[in-house]
Amino acid sequence: MTRSATPSTASTGKTSAGKAAATQATPRHDRIADAALTLLAERGLRGLTHRAVDEAAGLPQGSTSNLARTRAALLETAVRRLAEREAAILTPPEMPDAAGSGPAALADALSLGLHRSLTRHRDLTVARYELALEATRRPELRAFYDRAGQRFREALVAMLTAAGSTAPERHTLNVLAWCDGMLFTCVAGQFHATPPTRRELRTGIEELLVGLLGRG
């Protein structure tokens with residue numbers, strides 16, 4: 001028993017040390033923004049306070065206030081970081097070729113991003129819904145939230161155009177509605193306990209794209 005316990009303890013120590021080193025290497029403003037997103041996912045908007053963010057980030061009291069003095073500024077900080085982290089869910093090589101990619105290539109990329117959002121980055125999806133709902137009550141946050149998300153919309157318009165869409169703006173609305181509906185249903189809705197596989201997501205989004213674009 002002693003022999004098995006010793007490596008476990010050492011391993012835990014190394015893991016904790018590694019996490020601590022990674023945290024220290026993260027810029028302070030990102031640590032604060034990441035902590036805000038974590039709190040949004042775990043506790044909702046009521047749990048998002050400057051003091052709670054300081055504690056979650058492991059920083060001295062007042063650190064968050066120095067970065068974002070008001071609650072509105074803290075929410076904007078969270079939105080900005082959310083956009084950065086969601087943009088990193090897919091790496092550039094995983095995105096479809098902008099030059100003439102058809103529905104299959106686009107379905108590959110979108111299904112991969114959706115699957116990662118439902119598995120590895122579920123907390124980001126929950127935080128996004130919290131921020132989106134708050135934006136409906138705060139006009140200043142609404143404008144900031146919409147600007148932060150504009151690049152995703154523009155990227156999808158470009159990809160659909162490359163895939164042969166004759167009405168890319170309208171098709172973008174359809175695709176975004178399908179993706180957002182799938183995310184919500186599988187994170188907070190009826191299918192939260194049984195999220196679809198990557199293959200199932202790919203089949204669904206390709207069926208939609210083929211209906212919009214025809215086979216490519």
Side-chain angles (χ1 to χ4, degrees), residues 15-92 95 113-114 116-158 172-173 176-177 179-189 192:
T15 301
S16 299
K19 288 181 178 179
T23 299
Q24 292 299 325
T26 304
R28 176 171 289 208
H29 55 81
D30 287 346
R31 288 173 62 185
I32 288 171
D34 287 338
L37 292 173
T38 297
L39 288 170
L40 283 168
E42 293 179 351
R43 307 180 192 177
L45 282 160
R46 291 184 179 180
L48 183 67
T49 66
H50 287 74
R51 179 180 292 274
V53 173
D54 286 337
E55 292 174 355
L59 294 171
Q61 289 296 318
S63 298
T64 301
S65 293
N66 288 335
L67 175 71
R69 300 198 66 81
T70 65
R71 183 171 180 79
L74 179 57
L75 290 170
E76 290 180 3
T77 297
V79 169
R80 186 181 299 108
R81 182 61 169 162
L82 176 69
E84 292 173 356
R85 290 181 58 182
E86 286 193 327
I89 288 176
L90 288 179
T91 63
M95 300 299 290
L114 284 171
R116 286 177 178 169
S117 293
L118 290 172
T119 53
R120 301 185 201 174
H121 305 287
R122 193 181 183 93
D123 57 333
L124 288 182
T125 304
V126 175
R128 177 154 65 88
Y129 290 137
E130 291 283 348
L131 290 166
L133 288 172
E134 185 66 5
T136 67
R137 297 180 284 266
R138 289 175 176 263
E140 72 284 0
L141 183 62
R142 173 84 274 164
F144 190 84
Y145 183 94
D146 289 347
R147 285 197 303 273
Q150 185 65 26
R151 61 175 169 173
F152 296 103
R153 178 175 171 177
E154 291 173 350
L156 186 53
V157 168
T172 292
L173 172 60
L176 283 177
C179 292
D180 278 341
M182 182 63 70
L183 286 172
F184 185 85
T185 299
C186 297
V187 169
H192 67 92

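Being a predicted model, the structure only gives us computed values, none of them experimental.
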**Message:** When you measure from the side chain of His50 to the backbone of Ala68, do you find a donor-acceptor pair of N or O atoms at a distance under 3.5 Å?
**Reply:** yes

**Request:** State whether the side chain of Arg116 and the backbone N or O of Ile89 hold a donor-acceptor pair below 3.5 Å, judged by distance alone.
**Result:** yes

**Exam field: side chain Asp54 to backbone Thr64, donor-acceptor pair closer than 3.5 Å** = yes

**Message:** Can you tell me how far apart CG (Leu48) and CD (Glu130) are? Round to the nearest 0.5 Å.
**Reply:** 9.5 Å

**Request:** For Arg28 and Leu67, run side chain to side chain contact (heavy atoms under 4.5 Å, CB included): C-alpha distance rounded to whole Å, both residues' side-chain angles, the deciding distance at 0.1 Å, then the answer.
**Result:** CA-CA 9 Å; Arg28 176 171 289 208; Leu67 175 71; over 6 Å; no

**Prompt:** Say you draw a straight line from CD of Glu42 to CG of Leu37; how long is it, rounded to the nearest 0.5 Å?
**Reply:** 11.0 Å

**Prompt:** Is there a donor-acceptor pair closer than 3.5 Å between any side-chain N or O of Thr136 and the backbone N or O of Leu133?
**Reply:** yes

**Asked** Between Tyr129 (side chain) and Phe184 (backbone), is there a donor-acceptor pair under 3.5 Å?
**Response** yes

**Message:** Between Arg71 and Leu45, is there a side-chain heavy-atom distance shorter than 4.5 Å?
**Reply:** yes

**Prompt:** Which atoms form the tightest heavy-atom contact between Ala135 and Tyr145, and what is the distance?
**Reply:** CB-CB, 4.3 Å

**Message:** Tell me if a side-chain donor or acceptor on Thr125 pairs with a main-chain N or O of Ser117 at a distance below 3.5 Å.
**Reply:** yes

**Prompt:** Is there a side-chain contact between Val126 and Leu40, using heavy atoms and a 4.5 Å cut-off?
**Reply:** no

**Prompt:** Do you know which two heavy atoms are closest between Ala52 and Arg43, and how far apart they sit?
**Reply:** CB-NH1, 4.0 Å

**Message:** Would Leu39 and Thr49 count as a side chain to side chain contact (heavy atoms under 4.5 Å, CB included) here? Give the steps.
**Reply:** CA-CA 9 Å; Leu39 288 170; Thr49 66; over 6 Å; no

**Ala36 versus Ala78, closest heavy-atom pair with distance** = CB-CB, 4.3 Å

**Residue Arg137 excluded, over 12 heavy atoms near CZ under 6.0 Å** = yes

**Asked** Under 6.0 Å from the CZ atom of Arg51, do we count more than 12 heavy atoms belonging to anything else shown?
**Response** no

**Message:** Using 0.5 Å steps for rounding, measure from the CG atom of Asp146 to the CG atom of Leu141.
**Reply:** 9.0 Å

**Request:** State the OG1-NE2 distance between Thr77 and His29, to the nearest 0.5 angstrom.
**Result:** 10.0 Å

**For the student: nearest non-hydrogen atoms of Asp123 and Ala41, plus distance** = O-CB, 3.4 Å

**Item:** Note: Asp180-Arg128 ion pair, threshold 4.0 Å (strictly below)
**Value:** yes

**Asked** What is the minimum heavy-atom distance between Ala87 and Arg151, and which atoms define it?
**Response** CB-NH2, 4.0 Å

**Prompt:** Minimum heavy-atom separation for Glu76 to Glu140, with atom names?
**Reply:** OE2-O, 4.4 Å

**Prompt:** Taking the side chain from Arg31 and the backbone from Thr26, do they hold a donor-acceptor pair closer than 3.5 Å?
**Reply:** no

